[in-house]
Amino acid sequence: MNANLQFDPQGRLNPTGLSARANPTSRRYFRVNETPPDLGSIYARTCAYLGACDDLSLTDFEHKVAELQSYLARNQALRPLLQSPMLPFILPRGSIGADAKGAMCRYLKGVEKSFQDSSPGSQFTDHSIDTWKDQFSTNPQSRAQLLTERSDHTSVVGLFMPALSEFSIPAAFEAIDTLPPLLTLSGFFEIAAALVGTPRYLINPDAYSPLLWAAANIGSDMPGGFHFAAYGNDMTFNYRAHLGEVSEYWWCGLSVALQ
Amino acid sequence: MSLVIETPEDRLTPQERAKRNGLAQRKPYLAQKLSQITAREARGEISPIIRLEKSYLCNFQCTHCSAEYYMDRHLEKVVKVEDTRRKMDLDDIRELSKQADELGLARFVITGGEPLVMKDFDAVVKAIDPEKHYVIVDTNGWFLDDKRAKHLKSIGVEKVQLSLDSMIEADHDNFRNKKGSYKRVIRAVDAALDAGLNLLLSTVLVRGRARKAEFRSMCEYAKEKGVGLYVSYAKPTGSCSDHPEFVIEKEDADILRELEKHYPVFSHMTPSYGSFKGCITVKGIITVTSDFEVTPCPYIDMSIGNLWQTPLREVLARGMRNPWLGPHRPDCIIGEDPKFIALHQAKTHGAKFLPLPWGEGFTDQDSVTDPIPQPRGLAAIPIKVI
């Protein structure tokens, strides 16, 4: 890990030293719903909406989450990440595969069902259109493909941590180059899986919640990307231009999963 | 890789499609420009509506008026100064229209004050050039009878935005401080529709109003008339500076977002055809004041440049560089963000003339994490900041 890059006590990466745009500090105006994650519910929702985790029991899941937290706790530089509003997630074995667009649609359906079951009367709306989904791919620089490829063989347990809040997309990619290999830039599948498990993460009645970029799926030549965001009591998925800009509202995340 | 742009026509209602087709036949150049806005926004380009405040004369004195502090009657009676600043003329408007057209901008709102008391109103419309720009008039409706509505249509005005603050006649009249104003605005609704003008009702949302039956009945009225109801959040500026209790909370905005599912009601934060702009400062709107200053929103009394000194293109670029105004965000900064509200109050409090020029309010050094300055000449205002 680059010695200049450090996480602040709340688990946000300090962007000092990056050349791309990121807010130097945050006033933490945008806030997710920080209700502590419930591992039993996450496991049950994942099995119900993304497919059975036949190679992973709830106990296995709990042990793996504890192992990941222990890994972060043992590493002094990464320890502040434990203070970020993290979400455990599962990519069930075989839930992604070679047809990325098909998997994307299945995961979106999972987010929709999980959200609507947990929030009666609220809506999940996918505003993105097929021509955008046809362009869906993973930027190898993100390292996110390590998790999705591993899920071909085994269910992957990971933690999603919004540690790159108020980073531009180029800054998020610049940052990931400097971080330990076990950390990956979060992409669509990890974020969607995290939201399947904890569907009301972006529904915060007390404050506006951030927009979550599926940053790992943004190519270096792409002016825009996919994202999840709340709209009142509803949830949305959409595509928009990012243009290398920075916003307090725009967050990227890191994922960590055991080898 | 090039960005693929959605075709918004796929998502248009038949009525909206018919309106756009009609405009394309009458004003093809303008229709072409308007049709490109979605694609431009998808590329990250901006296409703000220009609100033109040529005159602040008004026959009303509303409780929540954002322009009151710009009016001669306020400056003379309360501040006790005469406004001797240079004012825009028709040549200035022609130049602004030209610069806006060159940037692909396509929409002007004539506001004020009350535009329909302006003696040179028709000349202002002509100077904007309704063949090149979609012209909207923001009016209290007092003078909008059948004859006037037909006249507006004949000179190229496309749309009228009528202020309606309550479906309870006495409440509307009290809020507007003008007896008879409710009856006049209801008359104006029918006059505008009969004249073939597009119509938008606008109303101010104060804290708690979204829950009230009266507000629901206004939504019903808009639905019944087949017109949109534009909801403006009360902001702590202008006459509303003395009414911080009007400022809404997130809950009010969330109730409104729920009502959007059932009624043709929307705010400036509402997504349009899948496009989520969020706060529209600079990105979706600018206001040009009578002294040719550009403010990023009708309720922010701090300029991002003066058009006699700086071309419109650079003023917009400056606004987009500003960390408060340029970045995408889902809330209204002057209506909801306590820190920006406090900053705005601290900077504008006690100012003789508004808006504050570029450099005195907004600057290129702004940061959202900087502390709020002390208000000029006053002890600190007690402000709740997140």
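Throughout, a chain's letter reflects where its sequence line sits, starting with A, and its residues are numbered from 1.
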Within-4.5 Å side-chain heavy-atom neighbours: His328(B) and Arg240(A):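 Yes, close enough: below the 4.5 Å cut-off.
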
Side chains of Pro327(B) and Tyr249(A): does their closest heavy-atom pair fall under 4.5 Å?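 Side chain of Pro327(B) against side chain of Tyr249(A), heavy atoms only: no contact under 4.5 Å found.
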
Give the C-alpha distance, both sets of side-chain angles, the deciding distance and a yes or no for side-chain contact (heavy atoms from CB on, under 4.5 Å) between Glu245(A) and Met320(B). CA-CA 10 Å; Glu245(A) 299 293 338; Met320(B) 289 302 291; over 6 Å; no

A quick test of your reading: do over 12 heavy atoms of other residues, nucleotides or ligands sit less than 6.0 Å from [atom1] of [X]?
X	atom1	value
Lys212(B)	NZ	no
Arg207(B)	CZ	yes
Arg211(B)	CZ	no
Arg79(A)	CZ	yes

Could Arg257(B) and Tyr231(A) be counted as a cation-pi pair, given that NZ or CZ must be under 6.0 Å from the ring centre and within 45° of the axis?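 Geometry flag: set, cation within 6.0 Å and 45°.
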
For Tyr29(A) and Arg329(B), work out which heavy atoms get closest and say how close.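 For Tyr29(A) and Arg329(B), the tightest heavy-atom pair comes out as CE2-NH2, 3.4 Å.
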
Minimum heavy-atom distance between Leu243(A) and Gly44(B), given as atom pair plus value: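 Answer, listing the atom of Leu243(A) first, then Gly44(B): CD1-CA, 3.2 Å.
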
Would you mind telling me which of Asp331(B), Val368(B), Asp254(B) has the largest number of heavy-atom pairs within less than 4.5 Å of chain A?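 With the most close heavy-atom pairs to chain A, the winner is Asp331(B).
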
Considering only heavy atoms, which portion of Thr125(A) lies under 4.5 Å from any heavy atom of chain B: side chain, backbone, both, or neither?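 Interface part for Thr125(A): neither.
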
Side chain of Lys250(B), backbone of Gly232(A): donor and acceptor closer than 3.5 Å?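 Absent.
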
For Thr25(A), does its backbone N or O pair with a side-chain atom of Thr369(B) as donor and acceptor, under 3.5 Å?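 Side chain of Thr369(B) to backbone of Thr25(A): no pair is present.
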
Is Glu260(B) close to chain A through its backbone or its side chain, or both, or neither, when contacts mean heavy atoms under 4.5 Å?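 For Glu260(B), the contact with chain A is made by the side chain alone.
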
Before giving the answer on salt bridge (Lys or Arg N to Asp or Glu O under 4.0 Å), spell out for Asp370(B) and Arg27(A) the whole-Å C-alpha distance, their side-chain angles and the decisive distance to 0.1 Å. CA-CA 9 Å; Asp370(B) 280 352; Arg27(A) 64 181 174 129; over 6 Å; no

